[in-house]
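One structure is given here, and the rest of the page talks about it.
One is the number of the first residue; the rest follow in order along the sequence. Here the structure is a predicted model, which means the values were calculated and not measured.
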Amino acid sequence: MHRKTRIVFLLLGTVFAAGVLSRTLAQGGGAVQPFDLVIAHGHIVDGTGSPWYSGDVGIRSGHIAAIGNLADAPRKRTIDADGKVVAPGFIDMLGQSELTMLVDARVPSKIYQGITTEITGEGDSVAPVSDAMLAADHSGYEHYKLTPDWHTFRQYFARIEKQGMGINLASYVGATSVRRMVLGDADAQPTPAQLEQMKGLVRDAMRDGAVGLSTALQYAPAPYAKTPELIALAGEAGKFGGIYASHIRSEGDAVLESIDEAVRIGREGHIPVEIWHLKAAGKANWGRMPQIVTRIEQARAAGIDVSANTYAYTAWFNTFSAFVPPWAHDGGDGKLIERLKDPATRARIRKDMLAPGKDSAGEDWDNEWQEIPGPEAVQIAVVQNAELLPLQGKRLSDVAAEWKEDAIDALCDILIKDGAFTEVAVFGMDEPDVLLALKQPWVSIDNDSQGTSPDGILGQEHPHPRAYGTFTRILRKYVREENQLTLPDAIRKFSALPAQRMRLIDRGVLKQGMWADVVVFDPATIRDKATFENPNQLSEGMEFVLVNGVPVIEGGKMTGALPGKVLRGPGYVP
């Protein structure tokens with residue numbers, strides 16, 4: 001061998017040996033650099049679905065640096081997890097915290113469930129926004145005492161990073177937001193030039209870090225969008241490696257056709273599909289979950305990358321105005337309220353709500369009034385008008401009785417008095433359907449609620465209990481009490497499965513090199529406390545929750561640390 005070549009090989013060998021030695025030492029063989037933290041003696045449920053195994057987890061610089069027997073490794077501190085589960089932090093596949101995180105950056109309701117990452121942006125995303133949209137939506141910002149100072153995702157992400165975040169956050173760009181930027185709130189179809197403008201907004205959002213395109217096709221003005229428009233927009237997100245996520249057009253009578261539409265958008269837009277909060281809505285559809293599962297399985301068998309998520313409660317939560325047919329929303333909330341005040345138009349709205357099938361504009365719509373057994377199935381949850389605060393927590397049937405009018409008139413009058421802001425819980429699902437959806441191997445978990453707190457402005461609301469209890473309820477009810485899921489499978493649905501779906505390649509599994517999003521809890525005592533009657537109660541049992549290696553829950557108490565990061569999509573351009 002030539003002398004120079006021999007020297008090069010010797011140098012490479014020395015470098016390789018030094019690298020192996022440094023890694024070995026760092027894992028406990030006489031460490032050069034101590035761990036910041038070692039979680040010792042835990043039952044490691046790593047997120048893959050595998051059974052637990054015993055071991056220690058060493059964390060350094062926000063990452064998992066080693067897993068194994070680290071008894072002799074120097075460290076700055078130790079968490080004794082003897083007899084406790086050590087698992088990846090939970091990933092909420094649909095949160096709504098983009099504004100409430102600006103109110104309380106710690107997001108207590110999330111971290112006490114073990115949520116360390118949230119994906120948000122359901123159709124109407126936090127960006128892009130125009131001045132006209134900010135003006136139209138002013139009541140929502142006023143409700144939280146916020147002054148928006150952003151128009152793009154890049155600007156919004158900069159704001160929350162500067163403020164600090166209790167958890168990690170990623171966002172879709174909403175097709176509704178893109179539509180409103182170009183067409184406003186009108187029931188109109190885009191011209192070719194307008195559609196190109198909308199596609200450009202999607203491209204800009206993907207470069208700013210959005211993870212894909214989303215739709216919420218039940219809420220005006222989203223129902224005005226036809227399938228080809230959605231395919232065009234989804235196709236742009238797909239070019240950047242994004243996902244198409246959808247609150248599908250109907251979760252009730254037309255649920256199968258709506259799944260078919262989502263699948264078509266995925267196929268023709270060349271983009272994976274995520275169906276949010278999978279359900280069979282309305283008493284007439286109870287028992288249809290086997291058909292829904294079969295329809296999705298058929299799409300997967302045909303090569304379409306489609307999956308779903310659930311929050312596993314029998315009541316959903318949405319805007320009260322969704323009970324009103326889409327034509328009445330044309331032009332936005334101001335126009336809707338004008339129509340509700342007009343006796344003739346209100347009579348037309350009532351007629352549409354009471355008649356199954358198409359509305360009086362000749363359009364198919366998701367008629368929630370036909371899906372519920374009666375007004376007792378609707379709970380008033382969140383209002384903007386302080387005079388209506390006593391209604392929070394009451395059923396619509398009780399309000400109608402108090403006001404001495406029928407339930408539809410009470411609904412319309414609440415919307416008028418509250419500027420169409422009101423949100424409600426609707427009891428419209430059947431437990432066997434919920435359970436069957438939960439058990440599917442391609443179904444992950446969504447909280448479908450904003451991060452909130454029992455204190456301050458947020459504590460004045462009356463949210464769905466899922467805001468505080470989705471993940472802990474599954475661990476209590478479906479794992480511990482009913483044995484419907486194994487603990488490793490539940491953890492997989494909370495971590496590796498959503499991370500895989502969202503292309504979060506460095507999160508979701510406990511493995512060396514991954515970001516240290518970690519939870520430590522006792523599976524025998526973890527529990528939700530929130531109820532529909534008293535929802536503002538934090539879950540109990542999370543002893544430690546780490547976000548990027550920093551404890552946000554320590555010894556069962558919130559630390560106030562804000563170590564979260566914005567997780568940007570694959571199309572991000574710095």
Could you go step by step and tell me if E122 and H277 meet the side chain to side chain donor-acceptor pair (under 3.5 Å) rule?
CA-CA 11 Å; E122 187 187 6; H277 42 64; 3.3 Å; yes
Evaluation steps, salt bridge (Lys or Arg N to Asp or Glu O under 4.0 Å), between R527 and E540
CA-CA 5 Å; R527 68 178 183 130; E540 292 182 345; 3.0 Å; yes
Can M502 and T117 be said to form a side-chain contact (heavy atoms from CB on, under 4.5 Å), step by step?
CA-CA 11 Å; M502 299 310 304; T117 295; over 6 Å; no
Between [X] and [Y], is there a side-chain N and carboxylate O pair less than 4.0 Å apart?
{"X": "D528", "Y": "K477", "value": "no"}
{"X": "R501", "Y": "E274", "value": "yes"}
{"X": "E229", "Y": "R179", "value": "yes"}
{"X": "E268", "Y": "R264", "value": "yes"}
{"X": "E261", "Y": "R249", "value": "yes"}
{"X": "D489", "Y": "R492", "value": "yes"}
{"X": "D185", "Y": "R180", "value": "yes"}
{"X": "K335", "Y": "D330", "value": "no"}
{"X": "K279", "Y": "E251", "value": "yes"}

Could you tell me how the ring of Y311 sits relative to the ring of Y313: parallel (under 30°), tilted (30 to 60°) or perpendicular (over 60°)?
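Tilted: the ring planes of Y311 and Y313 meet at 30° to 60°.
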Using the side chain to side chain donor-acceptor pair (under 3.5 Å) rule, take H462 and E423 through it: C-alpha gap first, then chi angles, then the decisive distance, then the call.
CA-CA 9 Å; H462 190 103; E423 296 177 321; over 6 Å; no
Would you name the heavy atoms of [X] and [Y] that are closest together and state the gap between them?
{"X": "A280", "Y": "I292", "value": "CB-CD1, 3.9 Å"}
{"X": "G269", "Y": "I231", "value": "N-CG2, 4.1 Å"}
{"X": "D418", "Y": "L388", "value": "CB-CD1, 3.6 Å"}
{"X": "G459", "Y": "N536", "value": "O-ND2, 3.7 Å"}
{"X": "P454", "Y": "Y468", "value": "N-OH, 3.2 Å"}
{"X": "A410", "Y": "E405", "value": "CA-OE2, 3.1 Å"}

Are the side chains of [X] and [Y] in touch, meaning some heavy atoms are under 4.5 Å apart?
{"X": "I167", "Y": "M101", "answer": "yes"}
{"X": "F494", "Y": "I91", "answer": "no"}
{"X": "L354", "Y": "I408", "answer": "yes"}
{"X": "S171", "Y": "V211", "answer": "no"}
{"X": "Q440", "Y": "E297", "answer": "yes"}
{"X": "I115", "Y": "I111", "answer": "no"}
{"X": "E363", "Y": "K358", "answer": "no"}
{"X": "Y244", "Y": "P272", "answer": "no"}

cation_pi(K417, W403) dist<6.0 Å, angle<=45
yes
Does R339 make a cation-pi contact with W327 (under 6.0 Å, within 45 degrees of the axis)?
no
Donor on one side chain, acceptor on other, [X] and [Y], under 3.5 Å:
{"X": "S539", "Y": "Q113", "result": "no"}
{"X": "Y144", "Y": "Q450", "result": "yes"}
{"X": "N318", "Y": "E368", "result": "yes"}
{"X": "S360", "Y": "D352", "result": "yes"}
{"X": "H143", "Y": "Q460", "result": "no"}

For a side-chain contact (heavy atoms from CB on, under 4.5 Å) check, start with the C-alpha distance between F427 and V378, then their side-chain angles and the critical distance, and finish with the verdict.
CA-CA 6 Å; F427 295 82; V378 181; over 6 Å; no
State the [atom1]-[atom2] distance between [X] and [Y], to the nearest 0.5 angstrom.
{"X": "M198", "Y": "E196", "atom1": "CE", "atom2": "CD", "answer": "11.0 Å"}
{"X": "L201", "Y": "T152", "atom1": "CG", "atom2": "OG1", "answer": "11.0 Å"}
{"X": "L411", "Y": "I416", "atom1": "CG", "atom2": "CD1", "answer": "10.0 Å"}
{"X": "T176", "Y": "D124", "atom1": "OG1", "atom2": "CG", "answer": "5.5 Å"}
{"X": "I296", "Y": "R300", "atom1": "CD1", "atom2": "CZ", "answer": "9.0 Å"}
{"X": "D430", "Y": "N285", "atom1": "CG", "atom2": "CG", "answer": "11.0 Å"}

Kindly determine whether F532 and H464 satisfy ring pair (Phe, Tyr, Trp, His ring centres under 6.0 Å), including the steps that lead there.
CA-CA 6 Å; F532 284 99; H464 192 302; 4.9 Å; yes
Please enumerate all residues that pass side-chain contact (heavy atoms from CB on, under 4.5 Å) together with D260, with sequence neighbours excluded.
R295
The test is side-chain contact (heavy atoms from CB on, under 4.5 Å); show your working for T470 and D448 and say whether it passes.
CA-CA 9 Å; T470 299; D448 197 14; over 6 Å; no
Under the salt bridge (Lys or Arg N to Asp or Glu O under 4.0 Å) criterion, do D92 and R466 qualify, and how do the steps go?
CA-CA 12 Å; D92 177 0; R466 70 190 183 195; over 6 Å; no
Residues K529, T472; criterion side-chain contact (heavy atoms from CB on, under 4.5 Å); working and verdict
CA-CA 9 Å; K529 293 184 67 179; T472 45; over 6 Å; no
Would Y172 and W276 satisfy ring pair (Phe, Tyr, Trp, His ring centres under 6.0 Å), going step by step from the backbone distance to the final call?
CA-CA 13 Å; Y172 290 93; W276 276 325; 5.4 Å; yes
Evaluate side chain to side chain donor-acceptor pair (under 3.5 Å) for N447 paired with E118, printing each intermediate quantity in order.
CA-CA 9 Å; N447 200 52; E118 173 186 309; over 6 Å; no
Under the ring pair (Phe, Tyr, Trp, His ring centres under 6.0 Å) rule, what do H329 and Y224 come out as? Steps first, then yes or no, please.
CA-CA 10 Å; H329 294 260; Y224 308 147; 8.1 Å; no
Hey, is the main chain of V173 close enough, under 3.5 Å, to the side chain of S125 for a donor-acceptor pair?
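No, the answer is negative, given that no donor and acceptor are paired below the 3.5 Å cut-off.
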E387 atom CD, neighbour heavy-atom count above 12 within 6.0 Å:
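No, not enclosed.
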Steps toward side chain to side chain donor-acceptor pair (under 3.5 Å) verdict (K439, Q484)
CA-CA 8 Å; K439 296 178 78 168; Q484 295 290 350; 3.0 Å; yes
